[in-house]
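Below, each value reflects all heavy atoms present in this structure, side chains not excepted, and no hydrogens, waters or symmetry copies. By convention in this document, chain letters (A, B, ...) are assigned in the order of the sequence lines, proteins followed by strands, and residues within each chain are numbered from 1.
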2 protein chains.
Amino acid sequence: MRNKTKLPTMADVANLAGVSSMTVSRALKPDTSVSKSTREKIQKAADELGYVLDTRASEFSSGKSGFVAITIPSINNGNFADTVKAFSDGLAEQDLQVLLGYTNYHVDREEQLVEQLLKKRPEAIVVTGGMHTDRCRLLLENSGIPVIETWDVPEQPIDHVVGFSNLQASELMFEHFIAQGHKKIGFIGGDNSRDSRGRDRYLGFCNTMEKHGLSSERVSFQELAPFSMEPGASGIRSIMKEWPDTEAVMCVSDLIAYGAITECQRMGINVPDDVKIGGFGAYELGQFLNPSITTIDVGAAQIGKFAAEKIIELLSDDGNTKSAKIVKTEPTLIKRQSA
Amino acid sequence: MRNKTKLPTMADVANLAGVSSMTVSRALKPDTSVSKSTREKIQKAADELGYVLDTRASEFSSGKSGFVAITIPSINNGNFADTVKAFSDGLAEQDLQVLLGYTNYHVDREEQLVEQLLKKRPEAIVVTGGMHTDRCRLLLENSGIPVIETWDVPEQPIDHVVGFSNLQASELMFEHFIAQGHKKIGFIGGDNSRDSRGRDRYLGFCNTMEKHGLSSERVSFQELAPFSMEPGASGIRSIMKEWPDTEAVMCVSDLIAYGAITECQRMGINVPDDVKIGGFGAYELGQFLNPSITTIDVGAAQIGKFAAEKIIELLSDDGNTKSAKIVKTEPTLIKRQSA
DNA sequence: TGTATAAATGTTATCGATATCAAAAGCAAG
DNA sequence: CTTGCTTTTGATATCGATAACATTTATACA
């Protein structure tokens with residue numbers, strides 16, 4: 001069934017319109033010098049044949065692919081979605097498309113994905129996080145295109161960075177707890193070996209506790225493969241069972257906090273009167289829950305916007321102007337009802 | 001900066017390894033006849049040069065692109081994410097990649113997107129919904145590849161369909177309301193001109209009301225551009241203000257229901273005692289909210305899975321075997337606390 | 001009207017891989 | 001060591017568009 005009838009090519013259109021295929025090529029682009037009459041003639045021929053440009057040939061011939069690759073950990077995550085949306089919007093004016101890939105929080109999967117993406121010769125690549133396999137790092141370094149690491153500030157950046165310190169960001173929440181006089185503080189996170197951002201948020205917990213001479217034992221690490229709400233429920237159950245006098249808990253994301261808060265309600269524990277619960281990421285659902293979720297806003301959309309701007313700058317650049325290698329966004333605490 | 005140093009090509013690898021580029025091409029694929037020793041030699045040369053295959057050239061030369069296009073209305077929507085995930089997983093074994101595009105619930109945007117995607121010569125295309133502009137329909141019909149419409153059962157399908165009747169699905173909820181003895185029933189939806197699935201759910205409301213001789217006036221249509229929770233809050237406010245004796249309301253999605261339920265809580269209205277609220281789509285967050293959200297499960301993942309299977313079948317097909325043009329999934333009511 | 005300049009169109013070579021066919025090398029059996 | 005087969009490798013044409021350059025046609029102005 002498929003490909004039985006071969007699709008029309010530019011030469012077919014040229015034939016029908018009685019011009020050369022080069023003229024067709026020009027007529028189909030917006031800003032080239034083709035007379036109005038021939039352009040109309042060609043447009044008519046193209047419509048008649050149902051001609052659709054083959055960008056594979058086009059990209060191959062012109063040498064530029066017209067798109068930028070971006071990898072994010074998970075498709076179903078409002079935060080990364082915000083980043084991607086702002087990123088796409090920022091690149092749209094430059095006629096650059098976005099090719100998206102999901103690592104599922106696995107560095108091995110990331111390596112595989114990055115290789116796949118590079119094979120398509122993007123004009124730049126954006127990756128989430130600063131933790132990569134050695135080979136992935138090498139691939140990116142040798143790619144010959146701008147590389148931007150986001151959502152993190154790696155110690156040894158590959159190239160450019162648009163991110164923030166997850167460690168410092170999570171400290172905001174713990175300092176907030178402590179300023180309210182709490183001492184028995186806990187943390188619910190995920191598998192730190194897979195998610196370096198989650199790990200840094202946990203380190204922020206440890207640092208702050210240590211700084212104030214408090215115990216950092218009240219932790220629960222849950223399997224949160226498809227980063228979700230259930231683990232928040234099990235996490236808070238486990239913490240409240242082992243340390244019933246816990247006063248405040250920060251969760252590695254708002255989705256976890258959502259699971260934890262709603263589970264508290266089911267257990268008859270009042271949030272925030274009995275225990276305070278903080279989230280991370282300023283997801284929309286946290287704003288509407290009762291109690292609304294106190295959280296850390298990391299400026300997800302801003303990251304995407306900045307990354308897009310940087311890419312536009314780097315691509316238009318003739319290699320002279322030096323732009324900042326590292327752009328930091330400023331996480332802020334959003335005080336709401338839950339903590 | 002970019003492209004300054006040209007990336008190595010297959011010919012470079014061939015040179016270094018002392019073979020022809022054709023042999024390199026073969027060695028880099030898994031199942032071709034190349035002797036073990038030369039394959040190792042070539043692999044070594046490729047690694048040394050940091051060679052990465054240029055799929056643009058590869059696809060162009062071989063004539064197949066190796067990917068399938070899919071359009072969905074919104075990136076940040078758990079339901080469509082589920083469909084896409086199942087779809088990707090289903091195609092992964094066939095070495096088919098997925099190229100994703102977002103229509104933002106606009107048919108004009110869809111037309112533009114479909115054209116963009118077709119330019120890249122996918123091997124098949126999946127679109128969400130059965131409402132298209134005339135030109136978009138034409139583009140799809142002339143594309144020469146399998147087309148699958150999903151999440152809907154159009155009256156005049158373009159080619160293949162994997163979907164369900166949104167009308168019948170929403171009737172499940174209204175019949176559920178009525179079976180509980182309710183008569184004063186409402187609906188919160190969005191802009192029907194943009195979202196045909198939402199419109200069909202609304203029609204399901206009207207049909208059921210009419211069938212039982214009830215009024216279908218209690219409706220609120222909200223602007224829900226980035227399909228979200230706030231509109232649920234305003235929607236329920238407006239309905240409860242105008243018709244305070246409303247007994248049950250269905251929302252066009254769980255996200256809207258979430259906004260509506262939490263707003264009720266803030267207004268001191270008890271759900272489900274004072275008013276019952278139903279959602280649509282079986283989103284994860286509805287399962288954990290107190291009260292948990294009664295909803296319609298449309299089998300989002302199943303749609304993706306079926307679509308993938310159909311594509312594999314159609315692509316491997318020699319054009320003989322006739323497969324069903326229309327595959328329907330069976331929406332079910334998930335009875336929880338809110339209704 | 002002729003010359004200078006700009007605009008419109010055509011010609012040819014090319015991007016990097018693979019399909020296809022041809023040739024060489026390896027191998028088994030007599 | 002020769003014949004006949006399989007396996008491995010190579011040479012060449014080709015996919016469809018565009019870059020770069022060449023040429024023709026239109027336009028302006030003296």
Is there side-chain contact between A:V126 and A:I311, with heavy atoms separated by less than 4.5 Å?
yes
What's the closest nucleotide to the side chain of A:F60 if the choices are C:dT18, D:dG16, C:dG10?
D:dG16
Base, sugar-phosphate, or nothing: which does A:T38 touch, judged by heavy atoms less than 4.0 Å apart?
sugar-phosphate
Is B:V19 touching bases, backbone alone, or none of the nucleic acid, heavy atoms closer than 4.0 Å?
sugar-phosphate
Is the side chain of A:S316 donor-acceptor paired with the backbone N or O of A:I312 at a distance under 3.5 Å, no angle test?
yes
If we ignore hydrogens and angles and just use 3.5 Å, is the side chain of A:S65 paired with the main-chain N or O of A:R121 as donor and acceptor?
yes
Rounded interatomic separation in angstrom, taking CZ from B:R26 and P from D:dT7:
14 Å
How many Å lie between CD on A:E40 and P on C:dA8, as a whole number?
13 Å
Base of D:dA17 paired with side chain of A:S61 (donor-acceptor, under 3.5 Å):
yes
Looking at D:dG16, does its base get a donor-acceptor pair with the side chain of B:R121 below 3.5 Å?
no
Quick one: is C:dG10 close enough that its OP1 or OP2 comes under 4.0 Å of any side-chain N or O from A:S20?
yes
Which whole-number value in Å describes the distance from A:M10 CE to D:dT18 C1'?
8 Å
Euclidean distance, atom CZ of residue B:R39 to atom P of D:dT8 [Å, nearest integer]
9 Å
Side chain A:T128, main chain A:P73, donor-acceptor under 3.5 Å:
no
Taking only the side-chain nitrogens and oxygens of B:K29, find out if one of them lies under 4.0 Å from OP1 or OP2 of C:dT18.
yes
Of D:dG16, C:dT18, C:dT9, the nucleotide closest to the side chain of A:T9 is D:dG16
B:R56 atom CZ is separated from C:dC15 atom P, nearest whole Å, by 12 Å
Among the nucleotides D:dT18, C:dA8, C:dT18, whichever has the atom closest to the side chain of A:S25 is D:dT18
Closest-nucleotide 5' rank along DNA chain D - winner of B:S62 and B:S37
B:S37
The nucleotide from C:dT18, D:dG10, D:dT9 with an atom nearest the side chain of B:S35 is D:dT9
Does A:Y51 make a side-chain N or O approach to OP1 or OP2 of D:dG16 shorter than 4.0 Å?
no
Could you tell me how far apart B:K119 (NZ) and D:dA17 (C1') are, to the nearest whole angstrom?
13 Å
How many whole angstroms separate atom NZ of A:K120 from atom P of C:dG16?
18 Å
Measuring only between side-chain heavy atoms, which start at C-beta, is A:V107 closer than 4.5 Å to A:E111?
no
What is the distance, rounded to the nearest whole Å, between atom CE of B:M22 and atom P of C:dT18?
7 Å
